[in-house]
Amino acid sequence: MTSQNFAERVIQVVQLIPKGRVTTYGAIAHYIGTGGSARTVGYVLGNSIEGRMDVPAHRVVNSAGLLSGRHAFSPEYPMEQRLREEGIEVENNRVLDFKNLLWHPALEL
DNA sequence: TCGATGACTATAG
DNA sequence: CCTATAGCCATCG
């Protein structure tokens with residue numbers, strides 16, 4: 001574990017995402033101060049969510065609103081289904097009305 | 001320390 | 001809407 005702060009901050013921000021809202025990797029990365037590490041955000045999440053049901057990683061999508069991380073969830077209970085249960089409409093691995101549902105950490109806090 | 005990897009992003013065609 | 005390319009950076013072996 002080197003910069004464990006990075007991973008911990010990512011987890012915390014994800015947990016702060018309101019139900020029925022989504023955010024992007026870039027937004028999280030920029031909020032914690034590492035603007036260019038959007039990729040690492042997703043990478044760390046994949047390793048951190050394992051064994052944690054308190055991390056709503058399904059609310060994190062890429063800048064296009066695509067569910068780029070759905071393959072990290074169980075095929076029986078996929079990311080798309082979880083979002084729909086929160087009132088978010090998803091079609092073809094893409095969040096509908098993504099811009100309106102997008103949650104900005106630094107803006108809301 | 002180094003090289004490869006990836007749940008990314010922006011730009012260009 | 002699509003693919004291609006380049007930049008980006010924490011993590012892993």
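No side-chain heavy atom of Tyr25(A) sits under 4.5 Å from any side-chain heavy atom of Thr40(A). Contact annotation: the side chain of Thr24(A) approaches that of Phe98(A) to within less than 4.5 Å [non-hydrogen atoms, C-beta and beyond]. Within the 4.5 Å cutoff, the side chain of Ile11(A) has heavy atoms near those of the Arg52(A) side chain. Contact of the Met79(A) side chain with the Val61(A) side chain is registered, since non-hydrogen atoms from C-beta on lie closer than 4.5 Å. Within the 4.5 Å cutoff, no side-chain heavy atoms of Val41(A) are placed close to those of Val13(A).
Among the heavy atoms of the strands lying under 4.0 Å from Thr40(A) is at least one base atom, whether or not backbone atoms are also near. Among the heavy atoms of the strands, none lies under 4.0 Å from Ile28(A). Residue contacts for Arg94(A): at a heavy-atom cut-off of 4.0 Å it reaches the sugar-phosphate backbone alone, with no base atom in range. Among the heavy atoms of the strands lying under 4.0 Å from Ala57(A) is at least one base atom, whether or not backbone atoms are also near.
Checked by distance alone, Arg39(A) brings a side-chain donor or acceptor within 3.5 Å of a matching partner on the base of dC8(C).
Hydrophobic clustering keeps Leu66(A) apart from Tyr43(A) (ILVMFWY residues linked when any side-chain heavy atoms are closer than 4.5 Å, directly or through intermediates). Both Ile88(A) and Phe73(A) belong to a common hydrophobic cluster when Ile, Leu, Val, Met, Phe, Trp and Tyr are linked at side-chain heavy-atom distances under 4.5 angstrom.
At a non-hydrogen distance threshold of 4.0 Å, nothing from residues 66-77 of chain A comes into contact with DNA chain C. Residues from residues 41-48 of chain A placing a heavy atom under 4.0 Å of any atom in DNA chain C, listed by number, are Tyr43(A), Val44(A).
At a threshold of 4.0 Å, the pair Glu80(A)-Arg84(A) counts as salt-bridged, since one of the basic side-chain nitrogens sits closer than that to a carboxylate oxygen.
Under the side-chain contact (heavy atoms from CB on, under 4.5 Å) criterion, Ile17(A) pairs with Val14(A), Arg21(A), Thr23(A), Arg59(A), Val60(A), Trp103(A), sequence neighbours left out. Evaluation of the side-chain contact (heavy atoms from CB on, under 4.5 Å) rule for Gln81(A) yields Tyr77(A), Pro78(A), Glu85(A) as partners, not counting sequence neighbours. Every residue two or more places apart in sequence or in another chain was checked for a salt bridge (Lys or Arg N to Asp or Glu O under 4.0 Å) with Arg94(A), and none qualifies.
Of all nucleotides in DNA chain B having an atom under 4.0 Å from a heavy atom of chain A, the first and last in 5' to 3' order are dG6(B) to dA10(B).
Summarising the geometry, the separation between CD1 on Ile11(A) and P on dA10(C) is reported as 16 Å, rounded to the nearest angstrom. Atoms CZ (Arg9(A)) and P (dC9(C)) sit 16 Å apart, rounded to a whole Å.
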